[in-house]
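Step one of this worksheet: look at the structure below.
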2 protein chains.
Amino acid sequence: MRRDIFQAIADPSRRAILALIAMQAMTPNALAEHFDTTRQAVSKHLRILTECELVSTQQQGREIYYHLQIDKMKEIDRWLQQFRAIWETRFSQLDELLSTTKKIEP
Amino acid sequence: MRRDIFQAIADPSRRAILALIAMQAMTPNALAEHFDTTRQAVSKHLRILTECELVSTQQQGREIYYHLQIDKMKEIDRWLQQFRAIWETRFSQLDELLSTTKKIEP
DNA sequence: TACATTTGCAACCAATTAGTTGCATATTTT
DNA sequence: AAAATATGCAACTAATTGGTTGCAAATGTA
C-alpha cells in the first residue's frame, strides 16, 4: 500500500477533490455532495490523498477540514521539468528554423 | 479499458519508459534490457502508452521504434496550471507581505 | 528455402483498486 | 442525558492491474 502522488492523481475523483479543495478547504460531507458517490468513498480518497501528503487535515469541533498541500503538487511540476526542457528546446529549434528560413527567403 | 494520461503515468515502469524514450526513440527489446521484467511486460506498457497517445511508433524493417509524443505531455502541464496559479499567487502574497514588513520595520 | 530475430496478442494469475454496507467514536444540539 | 450529526475504520465485492507463459506473424539472414 505504498502510494505516491502519481497514483494519487490517477483517479479522476481524486483529481476532482483536489481541484475543489484547491479553491477552499472542505469537510468530507461537503465534498461528497459534489459527487455521485457515498461519503465513505470520498473519505477513502481523502485517506489516500492524506497518506501521500497532498492534503492536510484541520479539526474544528466535530468537523474536519481538508486542505490542499500545494507544495506537494510542485513535485509533479518537478517531474515534468525533464520533459518541459525537451519541448522548450524543440520550440526554440523551430524558432531558429523560422528565422533562418526568413533570412534565406527574400 | 478507457485509459488517460494520468493513469498512464501512474505506473513507475511507464514513467521510466517515458524518460528513456524522451532521450531517444527505442525498440521494445532495447527498452526491456533496461528493466528487470520481460519484453512482453514492456510491450504491454508500450501498448498502454500508445493507446493514450503518449508515444508513437515508427516501423523500420522488423524493428519498431517508439517515440515520445511530447505534445501530449503538455496536457499534464495544462492540468497543473490551475494549481500553479495558486502557488504563484501565494508566492506573490508572501512577496507583498515581506515588502510591507520592510516598510513598517525601520 | 530454411532458420533466426523482432514483435504483438491471447490466456491466465495474483495483487490491488474503487466502491459498497455496517458499525464505533466523538462532538454538538435539544 | 438523549438524540442528531460528522467522521473514520473494517469487512466484503467486483473490476482492473501488472505480470507471466505460449504462440503466431512478419522481416531479415544463411
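Naming: A, B, ... by sequence-line order, numbering from 1 per chain. Remember, it's a predicted structure, so these values are computed and weren't measured experimentally.
Considering only heavy atoms from C-beta on, Leu46(B) comes within 4.5 Å of Leu31(B) through its side chain. The shortest distance between side-chain heavy atoms of Val42(B) and Tyr66(B) does not fall below 4.5 Å. Side chains of Met73(B) and Leu68(B) form a contact here, defined as non-hydrogen atoms less than 4.5 Å apart.
Distances shown here put a side-chain N or O of Arg47(A) below 4.0 Å from the OP1 or OP2 atom of dC9(D). Phosphate contact (OP1/OP2 of dT16(D), side-chain N/O of Gln7(B), threshold under 4.0 Å): absent. Between dT17(C) and His45(A), no contact under 4.0 Å exists linking OP1 or OP2 to a side-chain N or O. Between Ser43(A) and dG8(D) there is a side-chain polar atom (N or O) within less than 4.0 angstrom of OP1 or OP2. Within the structure, a side-chain polar atom (N or O) of Asn29(A) is placed less than 4.0 Å from OP1 or OP2 of dT7(D). Of the side-chain N and O atoms in Thr27(B), one or more sit less than 4.0 angstrom from OP1 or OP2 of dT7(C). Side-chain N/O atoms of Ser13(A) include one lying less than 4.0 angstrom from OP1 or OP2 on dG19(C). Neither OP1 nor OP2 of dC23(C) sits under 4.0 Å from any side-chain N or O of Gln40(A).
Taking 4.0 Å as the cut-off between side-chain N and carboxylate O, Lys44(B) and Asp11(B) do not count as a salt-bridged pair.
For the pair Asp36(B) CG and dG19(D) P, the interatomic distance rounds to 11 Å; values are reported in whole Å. Taking atom CG of Leu46(A) as the reference point, atom P of dT7(D) lies 10 Å away to the nearest angstrom. Distance Glu33(B) CD to dT7(C) P: 10 Å, rounded to the nearest Å. Rounded to an integer number of Å, the gap from Asp11(B) CG to dG19(D) C1' is 11 Å. One atom, NZ of Lys44(A), and another, P of dA10(D), lie 11 Å apart when rounded to the nearest Å. Straight-line distance from the CZ atom of Phe35(B) to the C1' atom of dG19(D): 15 Å, rounded to whole Å. For the pair Glu51(A) CD and dC9(D) P, the computed distance is 10 Å after rounding to whole Å. Distance CG (Asp4(B)) to P (dT17(D)): 10 Å, rounded to an integer number of Å.
Taking the nucleotide of DNA chain D with the nearest heavy atom to each of Ala30(A) and Ile48(B), the more 5' of the two is matched to Ala30(A).
Between the base of dG8(D) and the side chain of Arg39(A) there is a donor-acceptor pair shorter than 3.5 Å.
In this structure, Ile21(B) CD1 and His67(B) NE2 are separated by 8.5 Å, a value rounded to the nearest 0.5 Å. Interatomic distance, CE of Met26(B) versus CD of Glu33(B), reported as 8.0 Å (0.5 Å rounding). In this structure, Arg47(A) CZ and Gln40(A) CD are separated by 13.5 Å, a value rounded to the nearest 0.5 Å. Atom-to-atom distance recorded for Asp71(A):CG and Trp87(B):CH2 is 9.0 Å, nearest 0.5 angstrom.
For the segment residues 58-68 of chain B, residues with any heavy atom less than 4.0 angstrom from an atom of DNA chain D are, sorted by number, Gly61(B), Arg62(B).
Formation of a donor-acceptor pair under 3.5 Å by the Gln59(A) side chain with backbone atoms of Gly61(A) is found in this model.
Summary of helix geometry: the two end axes of the helix from dT1(C)-dA30(D) to dT30(C)-dA1(D), each defined by five base pairs via their C1' atoms, are inclined to each other by 20° (rounded to 10°).
No side-chain N or O of Arg78(B) forms a donor-acceptor pair with one of Gln81(B) less than 3.5 Å apart.
Out of dA11(C), dT20(C), dG8(C), the shortest distance to the side chain of Thr38(A) is found at dT20(C).
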